[in-house]
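Everything below concerns the one structure shown next.
First the proteins, then the strands, lettered A, B, ... as listed; each starts at 1. Every heavy atom of this structure was used, including side-chain atoms; hydrogens, water molecules and symmetry mates were not.
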Protein chains: 2
Amino acid sequence: MKPYLLQTVKTLAMLGAMRGRIDLSSKELAQQMNVSQQTASRYLLELDKIGVITRELGIKKQLIHITDTGIKLLEKEYSEYQQIFEVSNRIILKGRVVSGLGEGKYYTEQDGYKSQFKDKLGFIPYPGTLNIEVNPIERNKIRLLKTYNGIAIDGFKTESRTFGNVKCFQAMVNNIKGAVILPLRSHYSMILEFISPVHMREASRLKDGDEVEVIINIYNEDNHGD
Amino acid sequence: MKPYLLQTVKTLAMLGAMRGRIDLSSKELAQQMNVSQQTASRYLLELDKIGVITRELGIKKQLIHITDTGIKLLEKEYSEYQQIFEVSNRIILKGRVVSGLGEGKYYTEQDGYKSQFKDKLGFIPYPGTLNIEVNPIERNKIRLLKTYNGIAIDGFKTESRTFGNVKCFQAMVNNIKGAVILPLRSHYSMILEFISPVHMREASRLKDGDEVEVIINIYNEDNHGD
DNA sequence: ATTACTAGCATTCGAGTAC
DNA sequence: TGTACTCGAATGCTAGTAA
């Protein structure tokens, strides 16, 4: 979608073309958008061609109506602005399912962690984590996520070794509730580890390379750490 | 504002550049926007030039942050989408009662305004205005409000000075009918001034810091100004 | 009145490439 | 790696104008 066409549909919507047909000449649209009459005319032709609006040419102006395709376009744009301004208590990011080294299973089976997961998250995770390689462009969101306190899971010691502190955030993948786990001290990683009461790869039919959306709950904005 | 630049700022905002600096290369932005690296680089240069973003060039990527100017741009766009989807003949917003500088009393006592209030609003306001500091998250609604014509109150001159044009909207606070007043030419303000036939602080037992809801009547959608 | 074509100018694009 | 310049091609713009 060309940006100027999107702006045109938006302008039409603001003039009421989403709710019904509006009487509009290319000259009027041109004035509204600060372009020439010819350009406005071309915009309308292009939008018509790609099925975003319907037109009926009258003897004078034209009757313009935004189609469902056009409405979907606007809704998508609107929801993106909502994400920018309103949905600040959660972070949404996309990534791909990848295979880990089996470490996730080892960690989630430790009683020291398991009991805390049950107490603080309300579920005992299925052994193993779903590793999600976050889309490179969204790694800034991981950095942002790390500034929130989240749910603290304390480290502990066993006879053989030490397990470090981690923090969790309630999260959702493919409509299944769970949590993402972040090690407190770690190098910068683009892999998110997701745990849930069920076996994700089975319940959600996920395999390596599948793209998933992770919705992470960060509770509130005052929850900043560090 | 060129449409493609607006889209660029929106993309940056979705990547978190409104909340803080984000690490981003022109190549990554290019992928996100489906343009070439060169074009993305130019977009960033243009946005920097017009003061919409700030950049810090690092050894690798660049640190990008959206300025207040850029945020205002996005807010304007967002409020226009709200207008499209939230069809309503009124704007509801919340704020807190704050103290003014006594100016409200001075203005509401001017005969030049008083007579027009009586004619056009149907009441003579109690001397003084109830100043309401609008909840920051709802400041976009004020911008939206400003795009409506409202009820025009003409400016006038006295021997000593000039009083500017203002516009009003019928409004309600704590179930008491009155109007909000907006100066026609003014910098961006988060303070709404509410007038009514009665002394609001007394009739409604309001004091500084109290939260109030303001319901503003904008009549109809064709009532746009400018 | 309109819409919208054509022609030519202006802007924008991306490949190549310097740094 | 990066950023960002040059420059030819592609796209977009408007004036003139036909219908």
Side-chain angles (χ1 to χ4, degrees), chain A residues 1-12 15-17 21-67 70 73 134-140 143 187-190, chain B residues 1-12 15-17 21-67 70 73:
Chain A
M1 189 64 179
K2 294 172 187 170
Y4 64 81
L5 289 185
L6 179 65
Q7 286 303 105
T8 309
V9 191
K10 196 201 75 180
T11 303
L12 293 173
L15 296 172
R21 289 172 184 160
I22 57 163
D23 231 1
L24 188 76
S25 72
S26 55
K27 191 182 176 188
E28 288 170 326
L29 177 62
Q31 287 168 345
Q32 191 77 12
M33 299 190 68
N34 275 309
V35 293
S36 69
Q37 172 270 322
Q38 293 87 340
T39 295
S41 176
R42 183 167 46 83
Y43 284 176
L44 292 173
L45 282 167
E46 288 185 52
L47 288 173
D48 194 353
K49 197 173 182 182
I50 60 176
V52 168
I53 62 169
T54 60
R55 301 188 308 150
E56 286 174 51
L57 293 174
I59 186 74
K60 292 186 71 167
K61 313 184 177 187
Q62 32 192 323
L63 288 172
I64 293 166
H65 184 227
I66 299 175
T67 63
L73 260 170
V134 177
N135 188 335
I137 199 133
E138 296 185 289
R139 67 193 173 292
N140 287 298
R143 184 177 298 117
H187 58 81
Y188 178 61
S189 167
M190 287 184 18
Chain B
M1 189 63 181
K2 295 171 187 171
Y4 63 81
L5 289 185
L6 178 65
Q7 286 302 105
T8 310
V9 191
K10 195 202 76 178
T11 303
L12 293 173
L15 295 172
R21 289 170 184 161
I22 58 161
D23 231 0
L24 189 76
S25 72
S26 55
K27 191 184 176 188
E28 288 169 327
L29 177 62
Q31 286 167 348
Q32 192 74 10
M33 299 190 69
N34 276 311
V35 293
S36 69
Q37 173 271 321
Q38 292 87 340
T39 296
S41 176
R42 184 166 46 82
Y43 285 175
L44 292 173
L45 282 167
E46 288 184 53
L47 287 174
D48 194 353
K49 196 173 183 182
I50 60 176
V52 168
I53 63 169
T54 60
R55 299 190 308 149
E56 286 174 50
L57 292 175
I59 186 73
K60 294 185 70 168
K61 314 182 173 189
Q62 29 193 324
L63 288 172
I64 294 167
H65 184 228
I66 299 175
T67 64
L73 260 169

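For the pair A:R55 CZ and C:dT3 C1', the computed distance is 8 Å after rounding to whole Å. Distance CD (A:Q31) to C1' (D:dT14): 15 Å, rounded to an integer number of Å. Summarising the geometry, the separation between CG on B:L24 and P on D:dT1 is reported as 17 Å, rounded to the nearest angstrom. Regarding A:Q7, its CD atom lies at a distance of 15 Å from the P atom of D:dG12, rounded to whole Å. Following rounding to the nearest Å, B:K61 (NZ) and D:dT3 (P) show an atom-to-atom distance of 9 Å. Computed from coordinates, the B:D23 CG to D:dT1 P distance equals 17 Å when rounded to whole Å. Between B:K2 atom NZ and C:dA10 atom P there is a gap of 15 Å when expressed in whole angstrom units. Atom CD1 of A:I64 is separated from atom P of C:dT3 by 8 Å (rounded to the nearest Å).
Side chains of B:M1 and B:V9 form a contact here, defined as non-hydrogen atoms less than 4.5 Å apart. The shortest distance between side-chain heavy atoms of B:L12 and B:L29 falls below 4.5 Å. For the pair B:Q32/B:L24, no side-chain contact is recorded, criterion being any heavy-atom separation below 4.5 Å from C-beta on. Using a 4.5 Å cut-off on side-chain heavy atoms (C-beta onward), A:V52 and A:T8 make no contact. Between A:R42 and A:S26, every side-chain heavy-atom pair lies at or beyond the 4.5 Å cut-off. B:I64 has its side chain out of reach of B:T54: every pair of non-hydrogen atoms, C-beta onward, lies at least 4.5 Å apart.
By the neighbour-count criterion of 12 heavy atoms within 6.0 Å, atom CZ of B:R21 is sparsely surrounded, having that number or fewer from other residues, nucleotides or ligands.
Listed by residue number, A:Q37, A:Q38, A:S41, A:L45 are the residues of residues 37-49 of chain A with a heavy-atom contact under 4.0 Å to DNA chain C.
Each of B:S36 and A:S26 was matched to the nucleotide of DNA chain C holding its nearest heavy atom; the match closer to the 5' end belongs to A:S26.
Defining each end axis of the helix from C:dT2-D:dA19 to C:dC19-D:dG2 as the rotation carrying four pairs' C1' atoms onto the next four, with five pairs an end, the two axes are found to diverge by 30° to 10 degrees.
Residues meeting the salt bridge (charged side-chain N to carboxylate O under 4.0 Å, His left out) test with A:E28, sequence neighbours left out: A:K61.
For A:L57, the listed nucleotide lying nearest its side chain is C:dA4; candidates were D:dT3, C:dG14, C:dA4.
Under the 3.5 Å distance criterion, the side-chain polar atoms of B:S41 are left unmatched by any main-chain donor or acceptor of B:Q37.
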